[in-house]
Amino acid sequence: MAANPGVSASMMPLDDIVVLDLTKMMAGPICTQYLADLGAEVIKVEDTGIGDDMRNMPPFVGDDGAMFVAVNRNKRSIALDLKTPEGQAAVRALARRADVLVESYATGVTDRLGIPPGLLRAEDPRLIYCSISGFGRTGPLAKRPAYELILQAFTGIMSVTGEADGPPLRIAFSPLDQTTGIHAATGILAAIRRRDRTGEGAYVEASLLDTATAFLAWHAQSWWETGELPRRMGSAHGSLCPYQAFRVADGYILIAVGSDRLWGALCDALGMPGMRDDPRFRTNADRVRHFAETVALVQQAVVRHPLAHWLALFEAAGIPAAPVNTIDRLLSEPQLEQSGMIMHYQHLGGAMRAIAYPVAIDGLPRAVRRPPPLHGEHTDEILAEAGYTADDIAWLRGAGIAGRRGRP
Amino acid sequence: MSAKAEGFLPLRGVRVLDLGKVLAGPTCSQCLADLGADVIKVEPTGTGDDTRGWPPFAGDGRDGAIFLSVNRNKRSVAVDLKTPEGREIVGRLLDTADIFLESYREGTIDRLGFGYEQVRARRPGIIYVSISGYGRTGPLSDLPGYDMMLQAASGIMGITGEKGGMPVRSPFSPLDQTTGLWAVIGILAALRERDRTGEGRFLEVSLFDTAMAFLAYSAQTWWLTGEPPRKAGSGHESLCPYQAFQAADDYIMLGVGSDRLWQRLCAAAGLDAHADDPRYRTNADRVRNFEATVALVGDRLRRKTVAEWVAILTAAGVPNAPINPVETVLAFPHVADRGIVQPYQHPRYGALNSISIPLRTDGQDRRVRMPPPMLGEHTQDVLLEAGFTSEQIDDWVERRVVAVGKQVPAGSGPPGSVEQG
């Protein structure tokens, strides 16, 4: 907490919570990063080899990949060889000091490491133990290896994404990994609330499969109610019309008509007032019924003028519309600096930027308290806090069981 | 007390006054309701939440699939906030609320008299959550917040799709849904703080901030390299091979996320000769030789069918998947085994299904305590609880200040299904 007094006024309701973070890649680190953003002390345990795999994925900041840097701020790193009995003893010592343990190993690994939830929770009934996995820790698919991409395909998300006749498309921002991390964080926060009141810990499970299925909740509901499969519709929406990309004279524009009032405004703006009261198009349900006709009429109208023309006209008329931005253009929006969503900090002697925790609390500034840790940067201090003597630590380091210091 | 039978309900006793609508707000309040909170959904008289009218519909066509999927475990009160009496009703409900949730267009909530300062003056300690498209301040705050608009404006659409192809929408409204989740995280954090200090908070979440958070690693890449990320079809700019490949009959997804998995893939696919080739040995090597790696693997995978590769790669522990349609997934025994689908009885529509909150606690089953409410179904109950008299309520029904839902005949649903949990 003392690392950056500028953030002391922020909401830090987890400042008494120690999180032992046995995760890597995306979902787990996202979860623990947000717990850290809320004030928790997060100890990231990495192997003594290359550490978290994402350290190794280009492009790099020093020795660490951009994706690693994006999701590991406000944590300390300890590097341990968990294949050795001494490394396992050390992780058990750390677990005994933790309020929350988060792991994202393959199913079965925590048994081999001697830290399965049943055992640790029996030793400490207050422990909140969170497992993050691809398919869940039980059930016929529990042992299947999983990555974001695999789950996008497996769960049917890919079957509804893309153009009707196009090849499979990956949704590029890893929504399943990231949102599984968010769900895990909500589960942990909810469990902390119960523990505050009853003293009882919990076993919390989040998985990419559950997250994907939840994202598809209304597609599932549609399937259950109608027996009709959702299909790929490019940029369009099965329950709203017109709500998609249209070709304009010089590119594309997105138009989102989410209410019948907006439909009226659009008809006026397009100079087609007759359409607003045409019984084929009057309500959203009518337009969904006459989907192709509605889209064709709007398309014919908008293709005559360039993007800038329509953006100005639609903004004046209060009709939701947007160009298809690229990330560089987005990051130059003054909105982002102003809202505090881009944070600035120093790392490896240079100026770095990061995307903030996306909840603004009383309008308070958000800040990076600790840069993403170098591999094993905090091995010594964390072992010392867990009760290891200087001699023990030197021995563990000499034997290669506890990790290297950071590689600047 | 049989806590086990009740499920994981750490928000029992917490009351949410929910003025959200469409998707982001309802996703948030459904999560809170799933965790045990008493959620009072305040809807306009007339047609109620917009999504009630979005097709496809269940049963008699009154409620759409989107509405049904994000409004379980809530009670509905139908009130006309354009009338002074309607606003007084919401004021009275505020007196027992812990959380106030709104997702109106910029400026509207202040005009209605329920801006943060106004609400806090009446109910100190309130946790007030404002959900918007672009946030409540800043140059873009007046813009309307639709999921698809934000997908386009935030750059998400700029990296989704085939090179040179049409803009493609992520078709499950990830920004709406995840903004709802961010609100949940903010609320849970603020509740813990309030438990300790008694102080409330003003929380803001927005589709824009959510999109930014989703793009955090893409942004980091842009800041580091100065190269904006591009559309890459099913591929990933930092991992290879990690994309769709054409097998003999259809596409298969292959996810080689580590060098250990690369070794396994090479062994399983007859590429042993290339496992230690310096062009392909590490992920960084393979990303550098992206086209060559994809060509090498693609040439192999073309030779067998999806079913054959799924068997081979699964046995070898290499992440892979066919591209399943949604109904295939819903029918998986694993989905039933994990309790992901919750069947329940709806008093009007009969047997319905619902997708569970995607976190499981203590291995407990997740259950629907209350079906998605009919419009105004609980107006009467909630107003009586708030201390209004039957006479007042009848007068308001007459003058259309409030609307009451049709009473469901006793015994038409499962026991307790329409009472408050």
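Proteins get letters first, then strands, A, B, ... in listed order; numbering begins at 1 in each.
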So for [X], is it side chain, backbone, both, or neither that comes closer than 4.5 Å to the heavy atoms of chain A?
X	value
Ser356(B)	backbone
Asn283(B)	side chain
Leu68(B)	both
Pro228(B)	side chain
Tyr251(B)	side chain
Phe332(B)	side chain
Asp337(B)	side chain
Asp147(B)	both
Gln151(B)	neither
Ile66(B)	both
Leu140(B)	both
Pro325(B)	both
Phe208(B)	side chain
Val318(B)	backbone

Among [options], who wins on heavy-atom pairs under 4.5 Å with chain B?
options	value
Asp362(A), Ile319(A), Ile327(A)	Asp362(A)
Tyr357(A), Tyr147(A), Phe60(A)	Tyr147(A)
Gly134(A), Ser207(A), Gly238(A), Ala202(A)	Ala202(A)
Ala190(A), Gly187(A), Ala322(A), Cys130(A)	Ala190(A)
Thr180(A), Leu240(A), Asn56(A)	Leu240(A)
Pro117(A), Gly258(A), Ala206(A), Gly318(A)	Gly258(A)

Under 4.5 Å heavy-atom distance to chain B, tell me which part of [X] shows up: side chain, backbone, both or neither.
X	answer
Met233(A)	neither
Gln338(A)	side chain
Ser339(A)	side chain
Asp196(A)	side chain
Met352(A)	side chain
Pro320(A)	both
Ala236(A)	backbone
Thr226(A)	side chain
Val324(A)	both
Leu35(A)	neither
Leu38(A)	side chain
Arg144(A)	side chain
Met158(A)	both
Phe135(A)	both

Can you tell me if [X] and [Y] form a side-chain donor-acceptor pair at under 3.5 Å?
X	Y	answer
Thr314(B)	Asn320(B)	yes
Arg360(B)	Thr138(A)	yes
Ser174(A)	Tyr217(B)	yes

Indicate yes or no: at least one non-hydrogen side-chain atom of [X] is less than 4.5 angstrom from one of [Y].
X	Y	value
Phe68(A)	Val61(A)	no
Glu225(A)	Leu352(B)	yes
Asn324(B)	Leu330(B)	no
Trp54(B)	Asn284(A)	yes
Pro175(A)	Phe172(B)	yes
Leu189(A)	Val184(B)	no
Val326(B)	Ser159(A)	yes
Ile159(B)	Ser218(B)	yes

Taking NZ, NE, NH1 and NH2 as the nitrogens, is one of them in Asp195(B) or Arg197(A) under 4.0 Å from a carboxylate oxygen of the other?
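Yes, charged N to carboxylate O under 4.0 Å.
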
Does this structure show an ion pair linking Arg260(B) with Asp53(A), if we count only N-O contacts that are shorter than 4.0 Å?
no

Could you walk me through whether Thr326(A) and Arg329(A) pass the side chain to side chain contact (heavy atoms under 4.5 Å, CB included) check?
CA-CA 5 Å; Thr326(A) 47; Arg329(A) 252 190 288 173; 3.8 Å; yes

Distance-minimising heavy-atom pair for Trp224(A) and Ser354(B)
CZ3-N, 3.6 Å

What is the distance from atom [atom1] of [X] to atom [atom2] of [Y], rounded to the nearest 0.5 Å?
X	Y	atom1	atom2	answer
Thr178(B)	Ile185(B)	OG1	CD1	10.0 Å
Arg264(B)	Asp259(B)	CZ	CG	12.5 Å
Arg193(A)	Thr198(A)	CZ	OG1	11.0 Å

Residue, of Gly158(B), Pro358(B), Ser69(B), Gly155(B), that accumulates the most heavy atom pairs under 4.5 Å with chain A:
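Heavy-atom pairs under 4.5 Å are most numerous for Pro358(B).
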
So which of Gln177(B), Arg169(B), His236(B) has the biggest tally of heavy-atom pairs under 4.5 Å with chain A?
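If we count pairs closer than 4.5 Å to chain A, Arg169(B) comes out on top.
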
